[in-house]
Amino acid sequence: MRVGTKLQGAVAAANTTPDTTGGQIEHAPGYTFGSKVGGYLRLSTDICDIKSTIGTSDNPPYAEARKIYLDGKNSYKNDGTIRTLRELATKSYAGEPVFDMYAEYFGTAAFLDQPVSFAFAGDAPYLTVPQRNETIVKGLESALQTVYLLHELDEAADKIRDRKLSAADGAPHNIDETWAIYVGERPDCSLWGASHKRAREFGTMQDCNTSKVNAAMLAAHRAMYKAASDGDLAAFNAQVAEVQRLFLITYIQATLKYAELMDRAVAAKDQETLQADQAEGYMFFRTIEPFIARANNRSAEAIANVLRPGNPAPPNTLAIVRPALEATYGRLGITPADIGTFVIPRRRLPGLEESGLVVITPVDAYL
């Protein structure tokens, strides 16, 4: 685990939980944990293990990868029992605002598990290897981690109302959990890493090491922790709204990117790449689809119709997706400047790190 010096003694074995109390994460410094939440850091490690197990073959070992999803591997709870991704994807949080919005929109409480389980099984519409792979990985990396993080924020708000404010297990503890989920032990499979990659592609980096979204997410988490500790529900809810807005920026960027890549694949008549890009784009969009629908339902329907795997891809997907998304910006509190402009970054080639031809930042080395 890449941790800062304040967590030197917390690098635990795979079947234990690292003690994050008083520490910060090296690749995402600035937030000091007040409690033990190391198991949540390792959700990203389970996702990376699933991703590496699936690999790049034409016949991936889906049963082996699914076993990690069902049974868990790296993320242990503080009581020593294992935490599984499927447990998070199937548990009902009925009565919480975000869970209820997603469940109502998708027509099922299993909205996180359903596409992933269908893809593991090869059930329609996830029939080909590219469709299955991207649905599984992005369904876990993006949709599951985002929605579960937002659940933790809803739970924290309930604790503030009930005046449960202790650092160990009250509302501040939930904020420790959400930061651990966001940054991850493995940034290449974390929400923090997803924002960093999109910012590099859309010109929305704050500096060489930090995306604007990640910098704002850090500020929001520090403010939420203070509000949770103080029992200030109004201040807390204002920051939750900001966290939701930041997620929208990242996944609007991702949706736009893959809409453009679909157009390129259609023009090149590259069906395999098209299937992968369409599935990946859809899972990114699905991560925020209920929020988009709440802002403009017609926009959400138009985007889903061209991105949903199995649906025919038109030659002008971006021309459909971009204006549909832009129609929601005002209600979502987003500006075109927040999103930036997609530019495919230069490839990093082995052996050029010291040549001056390609600049690799310390953060990029993780991704």
Note, Ser35 side chain near Asp169 side chain (heavy atom, < 4.5 Å): no
Quiz item: cation-pi between Arg42 and Tyr76, 6.0 Å / 45°: no
Quick one: does Leu88's side chain get under 4.5 Å of Val147's, heavy atoms only? no
Passing option when Gln278 is tested against Met283, Met262, Arg308 for side-chain contact (heavy atoms from CB on, under 4.5 Å): Met262
Please determine whether side chain to side chain contact (heavy atoms under 4.5 Å, CB included) holds for the pair Asn133 and Tyr62, giving the CA-CA distance in whole Å, both sets of side-chain angles, and the decisive distance to 0.1 Å. CA-CA 9 Å; Asn133 291 356; Tyr62 290 118; 2.6 Å; yes
Side chains of Ser57 and Asn59: donor-acceptor distance under 3.5 Å anywhere? no
Spacing of Arg132 atom CZ and Ile54 atom CD1 [to the nearest 0.5 Å]: 9.0 Å
Report yes or no: does Asp100 contribute a side-chain atom to a donor-acceptor pair with the main-chain N or O of Gly95 at less than 3.5 Å? yes
Establish, from distance only, whether the side-chain atoms of Ser211 and Ser195 form a donor-acceptor pair under 3.5 Å. yes
In short, Leu218 meets Gly30 closest at the heavy-atom pair CD1-C, 3.7 Å
Say whether Asn296 and Thr328, considering side chains only, have a donor N or O and an acceptor N or O under 3.5 Å apart. no
Student check: side-chain heavy atoms of Val116 and Leu144 closer than 4.5 Å: no
Can Asp263 and Asn316 be counted as having a side-chain donor-acceptor contact under 3.5 angstrom? no
Among Gln206, Met205, His196, the one residue meeting side-chain contact (heavy atoms from CB on, under 4.5 Å) with Asn214: His196
Atom CD in Gln253, atom CG in Leu325: separation rounded to 0.5 Å? 11.5 Å
Nearest heavy-atom pair of Ala103 and Ala109: which atoms, and what distance? CB-CA, 4.2 Å
Are any side-chain N or O atoms of Gln239 and backbone N or O atoms of Ala219, one a donor and one an acceptor, separated by less than 3.5 Å? no
Do you know which two heavy atoms are closest between Ile334 and Leu248, and how far apart they sit? CD1-CB, 3.7 Å
Mind checking whether Ile82 and Asp71 have side chains closer than 4.5 Å, heavy atoms only? no
Just verifying a value: how many Å separate Leu150 CG and Thr178 OG1, rounded to the nearest 0.5 Å? 9.5 Å
So do the side chains of Asn311 and Asn305 get within less than 4.5 Å of each other, counting heavy atoms only? yes
Whether Ser117 side chain and Gln114 backbone form a donor-acceptor pair below 3.5 Å: no
How close do Ala265 and Asp277 get, counting heavy atoms only, and between which atoms? CB-OD2, 4.3 Å
Side-chain touch Ile303/Glu301, heavy atoms, less than 4.5 angstrom: no
Return the orientation label for the Tyr251 and Phe247 ring planes: parallel under 30°, perpendicular over 60°, tilted otherwise. parallel
Would you check if the side chain of Arg286 reaches a backbone N or O of Phe111 as a donor-acceptor pair within less than 3.5 Å? yes
Parallel, tilted or perpendicular for Tyr31 and Tyr225, by the 30°/60° rule? perpendicular
Using 4.0 Å as the upper bound for N to carboxylate O, is an ion pair formed by Asp19 and Lys36? no
Just checking, Arg245 and Phe291: is the charged tip under 6.0 Å from the six-membered ring centre and within 45° of the axis? no
Just by modelled atom types, is the Thr81 backbone N or O under 3.5 Å from a matching donor or acceptor in the Asp79 side chain? yes
Using modelled atom types and a 3.5 Å cut-off, is there a donor and acceptor pairing between side-chain atoms of Asp338 and backbone atoms of Thr335? yes
Got a sec: does the NZ of Lys77 have more than 12 other heavy atoms crowding it under 6.0 Å? yes
Look up atom CG in Leu149 and atom NE2 in His221, then write down how far apart they are to the nearest 0.5 Å. 5.5 Å
Got a salt bridge between Glu201 and Arg198, using NZ or NE/NH1/NH2 to carboxylate O under 4.0 Å? yes
Do Ile175 and Phe33 pass the side chain to side chain contact (heavy atoms under 4.5 Å, CB included) test, and can you show the C-alpha distance, the side-chain angles, and the key distance before you say yes or no? CA-CA 9 Å; Ile175 310 311; Phe33 293 104; over 6 Å; no
Count the heavy atoms belonging to other residues, nucleotides or ligands that lie under 6.0 Å from CZ of Arg161, then report whether that count exceeds 12. yes
Can you check side chain to side chain contact (heavy atoms under 4.5 Å, CB included) on Leu43 and Ser75, steps first, answer last? CA-CA 6 Å; Leu43 293 178; Ser75 178; 3.8 Å; yes
Return the orientation label for the Phe342 and Phe202 ring planes: parallel under 30°, perpendicular over 60°, tilted otherwise. tilted
Do Phe118 and Leu140 belong together in a cluster built from hydrophobic side chains that touch within less than 4.5 Å? yes
Steps toward side chain to side chain contact (heavy atoms under 4.5 Å, CB included) verdict (Ile339, Tyr329): CA-CA 10 Å; Ile339 304 302; Tyr329 288 1; 3.6 Å; yes
Which class fits the ring pair Tyr93 and Phe99: parallel under 30°, tilted 30 to 60°, perpendicular over 60°? perpendicular
dist Glu289:CD -> Asn297:CG (nearest 0.5 Å) comes out at 9.0 Å
Smallest separation among heavy atoms of Arg163 and Gly231, with atom names: NH1-O, 3.0 Å
Of Asp46, Asp113, Thr84, the residue whose pairing with Tyr69 passes side-chain hydrogen bond (donor to acceptor under 3.5 Å, both in side chains): Asp113
Under 3.5 Å, side chain of Gln131 to main-chain N/O of Leu127, donor-acceptor pair present? yes
Verify, without hydrogens or angle tests, whether Thr20 (side chain) and Val37 (backbone) share a donor-acceptor contact under 3.5 angstrom. yes
Passes side chain to side chain donor-acceptor pair (under 3.5 Å), Thr45 versus Glu185? Steps please. CA-CA 6 Å; Thr45 310; Glu185 180 179 65; 2.5 Å; yes
N-O pairing of Arg264 and Glu260 below 4.0 Å: yes
Any salt bridge between Lys159 and Asp162, counting N to O under 4.0 Å? no
Looking at every non-hydrogen atom in both residues, tell me the closest pair between Pro130 and Ala279 and how far apart they are. O-CB, 4.4 Å
How far does CG of Asn74 sit from OG of Ser44, to the nearest 0.5 angstrom? 9.0 Å
Flag the pair Glu155 and Lys164 as a salt bridge only when some basic side-chain nitrogen lies within less than 4.0 angstrom of an acidic carboxylate oxygen. no
Any side-chain to backbone donor/acceptor pair from Arg83 onto Gly72? Under 3.5 Å, distance only. no
Do Glu152 and Tyr40 have side chains that approach each other closer than 4.5 Å (heavy atoms only, starting at C-beta)? yes
Please tell me if the side chains of Asn174 and Leu153 come closer than 4.5 Å, counting only heavy atoms from C-beta onward. no
Pick from Lys138, Glu141, Arg186: which one makes a side-chain contact (heavy atoms from CB on, under 4.5 Å) with Ile47? Glu141
